[in-house]
Amino acid sequence: MDKDNFFTGLIVGAITPVLGFLLVELIFDLLTQAGLMEFVSSGGNSKRQRTLALLGICATLIPMHICKNNKWNETMRGMIFPIMIYMGSWIFYFKDTLFTF
């Protein structure tokens, strides 16, 4: 399978934020259990949930950088669409806490 194609980028762009979210959530939970971090309730619009989601989305920077170094331009183009959907969803979900004046 060719590594530089649009479909590969769609798959990587859709899966990486979910895996990044789960990894960062695991790290936060381990730090909470170790007593290095305060326990925060898992309310829908809590700061922790917003941060976890944003860090999960930012996890796509790693494969994006790998694609850039290998000059896989079509894969990077494919990654943009899921990233934009995740970012739009993040802004829509947390709009009440983001845009309070």
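In terms of heavy-atom proximity, G13 sits nearest to P17 at O-CD, 3.1 Å. Between M64 and I80, the shortest heavy-atom contact is CE-CD1, 3.7 Å. Here the shortest heavy-atom pairing between T16 and V12 reads OG1-O, 2.7 Å.
No hydrogens or angles considered: nothing links the side chains of T32 and D29 as a donor-acceptor pair under 3.5 Å.
Tracing side-chain contacts under 4.5 Å through hydrophobic residues (I, L, V, M, F, W, Y), one reaches I91 starting from V18; they form part of the same cluster. Linking ILVMFWY residues whenever their side-chain heavy atoms come closer than 4.5 Å, directly or via other members, leaves L61 and I11 in distinct clusters.
Between the CE atom of M87 and the OG1 atom of T60 there is a distance of 9.0 Å, given to the nearest 0.5 Å. Rounded to the nearest 0.5 angstrom, I57 CD1 and L52 CG are separated by 11.0 Å. Here K3 contributes atom NZ and I66 contributes atom CD1; the two are 10.5 Å apart, rounded to the nearest 0.5 Å. Within the model, atoms CE of M79 and CE of M84 stand 13.5 Å from one another, a figure rounded to the nearest 0.5 Å.
By the 6.0 Å and 45° rule, K95 stacks over the aromatic ring of F92.
Between the side chain of Y86 and the backbone N or O of A14 there is at least one donor-acceptor pair closer than 3.5 Å. No donor-acceptor pair under 3.5 Å is formed between the side chain of T8 and the backbone N or O of T75.
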### Task
For R50 and L98, run side-chain contact (heavy atoms from CB on, under 4.5 Å): C-alpha distance rounded to whole Å, both residues' side-chain angles, the deciding distance at 0.1 Å, then the answer.
CA-CA 10 Å; R50 190 175 66 206; L98 291 173; 4.1 Å; yes

### Task
Please report the C-alpha distance between F28 and L23 in whole Å, then the side-chain angles of each, then the deciding distance to 0.1 Å, and finally whether the side-chain contact (heavy atoms from CB on, under 4.5 Å) criterion is met.
CA-CA 9 Å; F28 274 30; L23 179 67; over 6 Å; no

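Counting heavy atoms of neighbouring residues, nucleotides and ligands inside a 6.0 Å radius, atom CD1 of I62 does not exceed 12 of them.
Residues D4 and K71 fail the side-chain proximity criterion, which asks for heavy atoms closer than 4.5 Å. In this structure, the side chains of L55 and F21 stay at 4.5 Å or more apart for every pair of heavy atoms.
Aromatic pair F6/F81: centroids less than 6.0 angstrom apart.
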